[in-house]
Number of protein chains: 2
Amino acid sequence: MAVRLQDVAKQAGVSVKTVSNVVTGHVHVAPATRERVQAAIDILGYRPNLSARNLRHGRSGLIALALPELDSPYFAELARFVVQAAEEHGLTVLIDQTDGLADRERLVMAGFRSHLIDGLIMSPVGLGPTEIAEHDGHIPLVLLGEKVGAGSADHIAIDNVAAAREATEHLLALGRRRVGVVGNQADSPAGSGVARLRRQGYEQALQWRGIAADPTLIADVPTFGRKQGADATARLLDSGARPDALFCFNDILALGALRMLAERGLRVPSDVAVIGMDDIEDGRWSTPTLSTIVPDKVEIARCAVEMLLNRMGITGAMPSPARDVRAGFALVARESTFGRT
Amino acid sequence: MAVRLQDVAKQAGVSVKTVSNVVTGHVHVAPATRERVQAAIDILGYRPNLSARNLRHGRSGLIALALPELDSPYFAELARFVVQAAEEHGLTVLIDQTDGLADRERLVMAGFRSHLIDGLIMSPVGLGPTEIAEHDGHIPLVLLGEKVGAGSADHIAIDNVAAAREATEHLLALGRRRVGVVGNQADSPAGSGVARLRRQGYEQALQWRGIAADPTLIADVPTFGRKQGADATARLLDSGARPDALFCFNDILALGALRMLAERGLRVPSDVAVIGMDDIEDGRWSTPTLSTIVPDKVEIARCAVEMLLNRMGITGAMPSPARDVRAGFALVARESTFGRT
DNA sequence: CATGTGCATTACAACGTTGTACACGGCCCG
DNA sequence: CGGGCCGTGTACAACGTTGTAATGCACATG
């Protein structure tokens with residue numbers, strides 16, 4: 001069952017180390033020997049034991065990607081790019097679902113996969129900034145998303161304030177003046193990150209146009225789901241706030257909003273224009289198609305992996321100041337703000 | 001940096017093995033000793049080295065899940081359940097994206113992650129049944145989806161023929177007589193699996209009602225994407241086939257179809273009823289909401305993991321006949337077949 | 001008081017791999 | 001013709017953990 005270097009060595013009539021050298025290609029091996037060893041490898045069907053290898057040089061080549069949800073399109077797409085980027089560097093990605101639960105995030109960060117993992121890319125939701133800052137740095141860490149100010153960890157995200165400002169401005173430029181917000185989150189210690197920043201952007205855009213913020217246009221949600229988007233939209237419509245546009249804090253909320261608007265017989269965009277954020281695949285095929293902020297997911301993924309590698313390279317406790325990178329984004333106008341409907 | 005059992009042992013004044021015993025809790029250890037060791041562990045922040053552990057007992061506790069796409073909702077949702085099921089058995093899942101490429105599937109099956117992985121759950125797309133049957137069994141394998149007849153591997157899927165029959169019958173029961181198909185795939189060696197079975201079910205349903213199959217109502221797609229669904233629907237509409245219902249071979253195709261129908265000004269379901277398969281989250285929030293076949297994803301995931309465990313348990317080459325399990329499914333009628341629109 | 005019993009703890013080896021240090025042989029050069 | 005060098009190959013140890021077998025010890029028993 002288990003074919004070891006030793007078996008190959010015996011078969012080829014060489015030492016174990018020589019076989020190892022052939023497998024890894026490290027040292028000069030005479031072509032004749034190499035060929036003989038290779039033949040033995042093929043015959044026996046040898047496969048290196050990665051556990052042993054990892055044990056030997058203290059690296060596993062595995063990194064973990066901790067995300068709240070795999071079945072949220074944004075994270076699924078992001079995961080794909082992270083896996084690709086990691087692969088380019090010879091790393092394998094192990095995906096961990098935290099469900100946005102603080103407990104699970106804490107567990108992952110504490111390194112319950114111990115030495116199995118060389119590094120961690122995490123998108124924290126449940127954990128507050130203070131708790132993240134307590135990260136003891138025993139494992140290289142890169143944070144995705146909106147939690148800022150973690151001491152020993154790098155961080156990458158788009159400029160959420162600017163992006164939200166641009167989204168809002170887009171709606172205002174269409175002449176809309178009662179721009180509703182779907183996705184606000186009252187300041188809970190956890191989860192406040194994204195929502196707070198995006199709301200800031202929204203308010204800045206209003207301010208620049210000299211429009212007074214109307215608190216009745218703000219709808220809160222407990223989490224970012226289609227149902228929550230639909231519910232919040234319903235509340236907004238029922239409240240008599242009469243929005244002529246909706247800025248949804250992400251595309252999933254927006255899809256829920258579109259659904260609710262359709263149910264209420266409101267036309268998009270003529271009655272209510274809608275914009276989201278994230279550019280998930282669904283938004284390109286919904287009816288109407290969804291205008292949105294497109295974060296550069298490829299850049300985010302690539303950058304996260306590179307920062308992690310960087311941090312992994314530094315073996316010891318060398319602090320090396322935490323980097324905070326802003327990824328690019330762009331606005332794409334689709335039917336939900338420009339359509340003919 | 002690296003805290004080993006030895007370090008803890010020295011700190012606690014006991015032998016390495018005793019610490020190991022405390023950590024694993026295997027043998028009787030005197031309460032006093034246990035306490036002392038535990039204290040040392042806490043002080044030093046000891047974390048077991050999984051690589052060493054794995055090397056020691058030849059298991060890694062890792063299984064791989066090879067899927068065509070992470071950002072396809074069906075697979076993302078399935079992945080979630082597999083991860084959960086695996087966790088219940090103390091296993092960690094490593095997700096591998098094959099992109100439906102035969103090369104990558106071959107690579108994964110050949111075990112390029114070598115001894116890192118104890119088992120593999122795979123949903124093959126690019127690989128044909130013959131190639132899968134050549135699996136040399138060096139790694140326990142469970143197949144998801146429609147590729148049948150793999151010698152040394154277990155297999156789980158819903159009864160696609162029956163499911164497709166039920167979906168079609170649902171449309172026929174509404175009085176529709178010109179049921180179009182979106183998602184057929186001309187018999188390519190690869191990829192023919194799902195499409196062929198679902199088409200069989202479609203034809204059976206027609207036959208039972210004594211309705212002649214009309215080839216002009218069948219639209220082929222190269223892959224299962226929203227765009228492909230939209231394109232195929234457009235072709236169907238342009239061809240003059242005049243369908244009054246569409247059976248889409250999965251929900252993604254159906255969402256594309258819904259989009260195209262809306263663009264053409266056709267109402268769903270009054271002009272054209274639409275049903276899909278897979279029950280992805282998006283379908284519950286589209287406009288109109290999407291009728292579909294709901295596969296029991298939880299059962300599929302749990303069963304796959306259990307079969308894999310079973311196969312992993314048998315250490316040697318014990319063939320143990322390959323099992324072929326049918327998972328349950330149900331039809332859910334939503335607005336796209338029952339709505340008031 | 002000697003012996004047997006059972007529990008707590010220990011020493012040792014092994015899992016499969018690879019880095020280090022070294023041995024061997026042939027060849028070039030002085 | 002001898003010394004050194006380079007190109008190949010080898011022996012050994014170590015990575016951190018845990019199963020096995022053995023040790024020490026206290027207590028109960030004959």
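Throughout, protein chains are lettered first and strands after them, A, B, ... in sequence-line order, and every chain is numbered starting at 1. These values consider heavy atoms only, across backbone and side chains, with no hydrogens, waters or symmetry-generated copies.
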Participant: Heavy atoms from C-beta onward define the side chain here; which of dT10(D), dG16(C), dT17(D) lies closest to that of Y46(B)?
Facilitator: dT17(D)
Participant: Which one, dG9(D), dT18(D), dT10(C), comes nearest to the side chain of T24(B)?
Facilitator: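 Nearest to the side-chain atoms of T24(B), counting from C-beta on, is dT18(D).
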Participant: Could you state the CG-P distance from N21(A) to dG9(D), rounded to the nearest angstrom?
Facilitator: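 From N21(A) CG to dG9(D) P: 9 Å.
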Participant: Quick one: does T33(B)'s side chain get under 4.5 Å of V14(B)'s, heavy atoms only?
Facilitator: yes
Participant: Check this for me, if you would: do R104(A) and E87(B) make a salt bridge, where the nitrogen-to-carboxylate-oxygen distance has to be below 4.0 angstrom?
Facilitator: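 So R104(A) pairs with E87(B) through a salt bridge.
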Participant: If you only use heavy atoms from C-beta on, which nucleotide in dG9(D), dT18(C), dT9(C) is closest to the side chain of L5(A)?
Facilitator: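 Among dG9(D), dT18(C), dT9(C), the one nearest the side chain of L5(A) is dT18(C).
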Participant: Does T33(B) or A52(A) map to a spot on DNA chain C nearer the 5' end, using the closest nucleotide for each?
Facilitator: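 Here T33(B) is the residue nearer the 5' end.
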Participant: Give the rounded distance in Å between these two atoms: CG of L116(A) and P of dT17(D).
Facilitator: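 Distance check: L116(A) CG to dT17(D) P gives 13 Å.
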Participant: Is the shortest distance from a Lys or Arg side-chain nitrogen in D7(A) or K10(A) to a carboxylate oxygen in the other one below 4.0 Å?
Facilitator: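 No.
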Participant: Please give, in whole Å, the distance from dT9(C) C1' to R34(B) CZ?
Facilitator: 13 Å
Participant: Determine, for K297(A) against D71(B), whether the closest basic-nitrogen to carboxylate-oxygen distance falls under 4.0 angstrom.
Facilitator: no
Participant: Any N or O donor-acceptor pair linking the side chain of R53(A) to the base of dT17(C) at under 3.5 Å?
Facilitator: no
Participant: Any idea which of dT17(C), dT10(C), dT10(D) is nearest the P48(A) side chain?
Facilitator: dT17(C)
Participant: So what does V23(A) touch, heavy atoms closer than 4.0 Å: a base, only the sugar-phosphate, or nothing?
Facilitator: nothing
Participant: Output yes when at least one side-chain N/O atom of S20(B) is less than 4.0 Å from OP1 or OP2 of dT18(D), else no.
Facilitator: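 Checking S20(B) against dT18(D): at least one side-chain N or O falls below 4.0 Å of OP1 or OP2.
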Participant: Give the rounded distance in Å between these two atoms: NE2 of H57(A) and P of dT17(C).
Facilitator: 12 Å
Participant: In this structure, how many angstroms lie between the C1' atom of dG19(C) and the NE2 atom of H26(A), rounded?
Facilitator: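 Interatomic distance, NE2 of H26(A) to C1' of dG19(C): 10 Å.
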Participant: Base, sugar-phosphate, or nothing for S51(B), non-hydrogen atoms under 4.0 angstrom?
Facilitator: nothing
Participant: Do V125(A) and L101(A) have side chains that get closer than 4.5 Å, going by heavy atoms?
Facilitator: no
Participant: Do the side-chain N or O atoms of H28(B) get closer than 4.0 angstrom to the phosphate oxygens (OP1, OP2) of dA8(C)?
Facilitator: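 Yes, within the criterion.
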Participant: With nearest nucleotide decided by heavy atoms, which residue, L55(B) or V29(B), maps closer to the 5′ end of DNA chain C?
Facilitator: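 That would be V29(B).
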Participant: Should R53(B) and H57(B) count as side-chain neighbours, where that means a heavy-atom distance under 4.5 Å?
Facilitator: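 Yes, their side chains come closer than 4.5 Å.
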Participant: Rounded to the nearest angstrom, tell me the gap between atom CZ in R4(A) and atom P in dC15(C).
Facilitator: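 Distance check: R4(A) CZ to dC15(C) P gives 6 Å.
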Participant: Check whether any side-chain N or O of S15(A) sits under 4.0 Å from OP1 or OP2 of dG9(D), and answer yes or no.
Facilitator: no
Participant: What is the distance, rounded to the nearest whole Å, between atom CG of N49(B) and atom P of dC15(C)?
Facilitator: 18 Å
Participant: What nucleotide, of dG16(C), dT10(C), dT17(D), holds the atom closest to the side chain of A2(A)?
Facilitator: dG16(C)
Participant: Base of dG19(D), side chain of K17(B) - is there a donor-acceptor contact under 3.5 Å?
Facilitator: yes
Participant: Check the distance between dT18(C)'s C1' and R56(A)'s CZ and give it to me in whole angstrom.
Facilitator: 4 Å
